[in-house]
Amino acid sequence: MGVARTLSRVLLGFLIALSSTAQTAPSTSAPATAASEEGALRAFGAIHPIDVHVHVFKTGPAFQKMLERLNLRLMDILVMDDTESYRKQLQPQVDDALELVRSSRGHVFLCTTFDPYKLDSASFDDDAINQINLNFAQGAVAVKIWKNIGMEIKDSSGQYVMADDSKFEPIYKDIASHGKTLIAHQAEPDVAWGPPDPSDPSSSYYRENPQWYVAGRPGFPSKQKILEARDHVLANNPQLRMVGVHLGSMERDLDNIARHFDRYPNFAIDTAARMRYLMLMPPKELRAFLIKYQDRVLYGTDLDFLPDASPAEVLKDWQSSYARDWNFLATSDTFNFRGRQVHGLNLPQAVLEKIFRDNAIHWIPGLADSPTD
């Protein structure tokens, strides 16, 4: 009886311990802890990453320290946007960006732009080319065209101006002749054309920026028409490298992206602001796509540091984004993000190095000019 009682107590203790372990074991859906985020950031920094798509309007010691700690390079992209006060004038943006580049100790590079709102000026081409060539001489590594081409600006006859408008052709030729890269944001996610879909990753953007929600607008061009114009630029300028930002605005269609890669050897994409769309895709299919086209995908985020932003909040947001993206692409972890269970892709190290660094250097060669390379 004494032996049996002892064995029963031992068994009961074992079962209690086992139950306790099961109850306290970390859940795959639990938010990332500070320790796990820091581990992801260390792995991210070890690869010497390049984020090819950010918008930085100010800096500071803490921000610079983050760049150095993560061995991180950024491409700061300028945009002309007449709906935002801090983007209405080009030269102040260029001046501020060049000062940011100079103060960053090799961590920030400039992607300039030109002013498409001056399209009707008789000297438009000459003025734009002179300005971007000056910026090239000042260190700019690329030129951006934005969605206002195709979705906002109209010509003198009231027609929406597309990326393949003949007035832009001398600019594209000039960019190619300098060995620089065109960064192209053309069109928007499908949901911008309707119907509304609260579950779409971009739905909150259109609540905050209704000017870009175009469903039901009479005479507004289709997404297909806008992207076909971009494709004409690719076909007409085979020597021009183009990076289609935001997954090339083909955010739900890997097959379409693949067809573009196969057809246009001068075309690549970045992941900026579209990682959530990738997280919705079947992991096995997405992993196979990224391995097959490992030379054509650049890492970008679309993170910003706006003039009135809190530096502490910016650092928190940037670091959590980098940690999450790393865990998604580089590990086999399963985690919850905005109510969805996400499975990590566990991509091979060689593929990670291309997406997070090497492809940026290949497609935007000026990004190689850093003390870290």
Side-chain angles (χ1 to χ4, degrees), residues 52-53 77 79 142 144-151 160 162-164 181-195 197 199-203 205-206 209 212-215 220-238 240-302 325 328-329 342 345 347 351 354-355 359-360 363-364:
V52 300
H53 196 138
I77 297 179
V79 168
K144 174 74 173 279
I145 59 171
W146 198 49
K147 62 188 177 185
N148 50 7
I149 297 173
M151 296 186 69
Y160 285 91
M162 296 291 145
D164 60 352
T181 303
L182 180 67
I183 308 298
H185 178 175
Q186 292 290 280
E188 284 283 89
D190 295 346
V191 72
W193 277 262
D197 180 3
S199 68
D200 190 276
S202 297
S203 61
Y205 174 81
Y206 299 109
N209 300 273
W212 299 113
Y213 186 75
V214 300
F220 198 86
S222 67
K223 180 174 180 176
Q224 180 180 354
K225 180 177 180 179
I226 296 170
L227 293 186
E228 284 177 350
R230 179 204 61 193
D231 294 348
H232 293 159
V233 176
L234 284 166
N236 293 336
N237 296 272
L240 176 67
R241 289 187 304 269
M242 180 192 293
V243 175
V245 302
H246 309 308
L247 303 181
S249 293
M250 297 173 282
E251 67 285 340
R252 290 189 177 273
D253 194 344
L254 291 181
D255 289 341
N256 195 17
I257 298 173
R259 286 192 293 271
H260 278 74
F261 287 162
D262 293 341
R263 184 171 183 179
Y264 304 110
N266 53 331
F267 184 63
I269 59 171
D270 81 13
T271 62
R274 300 295 182 263
M275 197 67 77
R276 287 180 64 193
Y277 287 96
L278 296 180
M279 291 177 181
L280 295 174
M281 295 178 180
K284 184 177 180 180
E285 178 183 338
L286 176 59
R287 188 177 191 274
F289 171 86
L290 291 174
I291 290 174
K292 180 176 181 179
Y293 294 104
Q294 59 188 268
D295 298 317
R296 312 290 284 276
V297 180
L298 287 65
Y299 179 67
T301 59
D302 211 9
D325 292 350
F328 174 54
L329 295 176
V342 177
L345 301 181
L347 291 170
V351 177
K354 289 182 177 182
I355 292 174
N359 289 346
W363 286 89
I364 311 169

Quiz item: Which value, rounded to the nearest 0.5 Å, describes the distance between Phe261 atom CZ and Lys292 atom NZ?
Solution: 11.0 Å
Quiz item: Closest heavy-atom contact between Met281 and Asp253?
Solution: CE-N, 4.5 Å
Self-check item: Nearest-0.5 Å distance, CD1 of residue Ile77 to NZ of residue Lys144
Solution: 4.5 Å
Quiz item: Can you tell me how far CG of Leu290 sits from CG of Leu278, rounded to the nearest 0.5 angstrom?
Solution: 7.0 Å
Quiz item: Would a 4.5 Å heavy-atom cut-off, applied to side chains only, mark Met162 and Pro221 as touching?
Solution: yes
Practice problem: Classify the ring geometry between Trp146 and His185 as parallel (under 30°), tilted (30 to 60°) or perpendicular (over 60°). | Solution: perpendicular
Quiz item: So, for Leu227 and Ala187, which heavy atoms are closest and what is the spacing to 0.1 Å?
Solution: CD2-CB, 3.9 Å
Self-check item: Minimum side-chain heavy-atom gap Ile364-Leu298 below 4.5 Å
Solution: yes
Quiz item: Would you call the rings of Tyr264 and Phe267 parallel, tilted or perpendicular, where under 30° means parallel and over 60° means perpendicular?
Solution: perpendicular
Quiz prompt | Check: Arg276 side chain, Pro201 main-chain N or O, donor-acceptor pair, under 3.5 Å | solution = yes
Quiz item: Which one of Tyr206, Trp193, Tyr213 satisfies the side chain to side chain donor-acceptor pair (under 3.5 Å) criterion with Glu188?
Solution: Tyr206
Quiz item: If you round to the nearest 0.5 Å, how far is CG of Asp270 from NE2 of His53?
Solution: 6.0 Å
Quiz item: Does the pair Met242 and Asn237 meet the rule for a side-chain contact (heavy atoms from CB on, under 4.5 Å), with working shown?
Solution: CA-CA 10 Å; Met242 180 192 293; Asn237 296 272; over 6 Å; no
Self-check item: Any side-chain heavy-atom pair of Met151 and Phe220 under 4.5 Å
Solution: yes
Self-check item: Closest approach of Gly300 to Thr271 (non-hydrogen atoms, all atoms of both residues)
Solution: O-OG1, 2.9 Å
Self-check item: Over all atoms of both residues, closest heavy-atom pair of Phe328 and Val342
Solution: CD1-CG1, 3.6 Å
Quiz prompt | Test item: Tyr299 and Val52 side chains (from C-beta on) under 4.5 Å apart, heavy atoms | solution = no
Quiz item: Under 3.5 Å, is there a donor-acceptor pair between the side chain of Asn266 and the main chain of Leu240?
Solution: yes
Quiz item: If every non-hydrogen atom of Ser202 is compared with every non-hydrogen atom of Val191, which pair is closest and at what distance?
Solution: CB-CG1, 4.2 Å
Self-check item: Side-chain donor or acceptor of Trp363 paired with backbone N/O of Ile269 under 3.5 Å
Solution: no
Self-check item: Any Lys354 side-chain heavy atom under 4.5 Å of Leu347 side chain
Solution: no
Quiz item: For the atom pair CG (Leu247) and CG (Asn256), what is the distance rounded to the nearest 0.5 Å?
Solution: 11.5 Å
Quiz prompt | Check: Glu228 side chain, Lys225 main-chain N or O, donor-acceptor pair, under 3.5 Å | solution = no
Quiz item: So do the side chains of Pro189 and His246 get within less than 4.5 Å of each other, counting heavy atoms only?
Solution: no
Quiz item: Is any side-chain heavy atom of Ile257 less than 4.5 Å from a side-chain heavy atom of Tyr293?
Solution: no
Practice problem: Answer yes or no: does atom CZ of Arg263 have more than 12 heavy-atom neighbours from other residues, nucleotides or ligands under 6.0 Å? | Solution: no
Quiz item: Heavy-atom distance under 4.5 Å between the side chains of Gln186 and Asp231, does that happen here?
Solution: no
Practice problem: Give, for atom CE of Met250 and atom NZ of Lys223, the distance between the pair rounded to the nearest 0.5 Å. | Solution: 8.5 Å
Quiz item: Shortest non-hydrogen contact from Gly248 to Arg230?
Solution: O-NH1, 2.8 Å
Practice problem: Indicate yes or no: does Arg252 engage Asp200 in a salt bridge with an N to O separation below 4.0 Å. | Solution: yes
